[in-house]
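A note on names: the letters A, B, ... follow the listed sequences, proteins ahead of strands, and every chain is numbered from 1.
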Amino acid sequence: AQTVTQSQPEMSVQEAETVTLSCTYDTSESDYYLFWYKQPPSRQMILVIRQEAYKQQNATENRFSVNFQKAAKSFSLKISDSQLGDAAMYFCAYRSVTGNQFYFGTGTSLTVIP
Amino acid sequence: GAVVSQHPSRVICKSGTSVKIECRSLDFQATTMFWYRQFPKQSLMLMATSNEGSKATYEQGVEKDKFLINHASLTLSTLTVTSAHPEDSSFYICSASFRDRTNQPQHFGDGTRLSIL
């Protein structure tokens, strides 16, 4: 099975600053999908951004962008101009093109300091 | 708007009670639904994969007779925690995905917080 590793259990960032959350994964597949999900205190899982492995261009969604390094199997999330509402648990996830199952990392708890 | 509805959002009941949690896909037909369990400040732990019209596939260590899953239609999957005990208290989340559309994210329900007294 694929494994997804988030090496930062906790991170903090000053409001309006930029923070990067790291994620690495292990796979033998050449094509797959990667996602970042946000889970605020309400516990709802919210999709932040996704990346197709066959695309070299890094995905961007407003203040959220990724740095996808396929050879290094790295998929970091950059949050620019951090806002108080960004405080949450962030989960990195991997999905194979051949299956439905997602593999989640252990999560990073992000605190935004006013 | 929400594409997956999970109900109830919170359950508090006595030990020995069986509890049913429903997961409905609202805008699409979900041939596959997933059931996760999440402990505080931990990641989602996949319990089982629910396939419409067939038996669920359980992850290793998950008791099939304890956690009954039924996926009788393309829009509804249910998880029944049978004879629940305090150690079953947890946060349970379902998700659904489009059939054969692996580039799509999973859509999650809002979760059910189960507390067994």
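- Residue B/Phe108 holds its CZ atom at 9.5 Å from CG of A/Leu47, rounded to the nearest 0.5 Å.
- Annotation for B/Glu59: atom CD counts as buried by contact number, over 12 foreign heavy atoms lying within 6.0 Å.
- Residues B/Gln106 and A/Tyr37 are in side-chain contact: their nearest non-hydrogen atoms beyond the backbone lie under 4.5 Å apart.
- Cluster membership check: B/Phe91 does not share its hydrophobic cluster with B/Ile69, using side-chain heavy-atom separations under 4.5 Å among Ile, Leu, Val, Met, Phe, Trp and Tyr.
- In the hydrophobic cluster analysis, where Ile, Leu, Val, Met, Phe, Trp and Tyr join through side-chain heavy atoms closer than 4.5 angstrom, A/Ile79 is grouped together with A/Leu84.
- A continuous path of ILVMFWY side-chain contacts below 4.5 Å connects B/Phe67 to B/Met45, so both sit in one hydrophobic cluster.
- Put simply, the side chain of B/Ser43 never gets that close to the backbone of A/Gly107: no donor and acceptor are under 3.5 Å apart.
- Using a 4.5 Å cut-off between heavy atoms, A/Gln6 makes no contact with chain B at all.
- When hydrophobic clusters are built by joining Ile, Leu, Val, Met, Phe, Trp and Tyr residues whose side-chain heavy atoms come closer than 4.5 Å, directly or via intermediates, A/Phe64 is grouped together with A/Leu34.
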Starting from the C-alpha separation in whole Å, work towards a yes-or-no answer on side-chain contact (heavy atoms from CB on, under 4.5 Å) for A/Met45 and B/Leu44.
CA-CA 10 Å; A/Met45 292 288 284; B/Leu44 282 70; 3.9 Å; yes

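- The ring of A/Phe102 has its center no closer than 6.0 angstrom to the ring center of B/Phe34.
- Residues B/Gln38 and A/Arg43 form a side-chain contact, since some pair of their non-hydrogen atoms from C-beta on lies under 4.5 Å apart.
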Could you go through A/Thr106 and B/Lys41, starting from their C-alpha distance and side-chain angles, then the distance that decides it, and tell me whether this counts as side-chain contact (heavy atoms from CB on, under 4.5 Å)?
CA-CA 9 Å; A/Thr106 50; B/Lys41 297 187 178 181; over 6 Å; no

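- Cluster membership for B/Val62 and B/Val81, using ILVMFWY side-chain heavy atoms within less than 4.5 angstrom, is shared.
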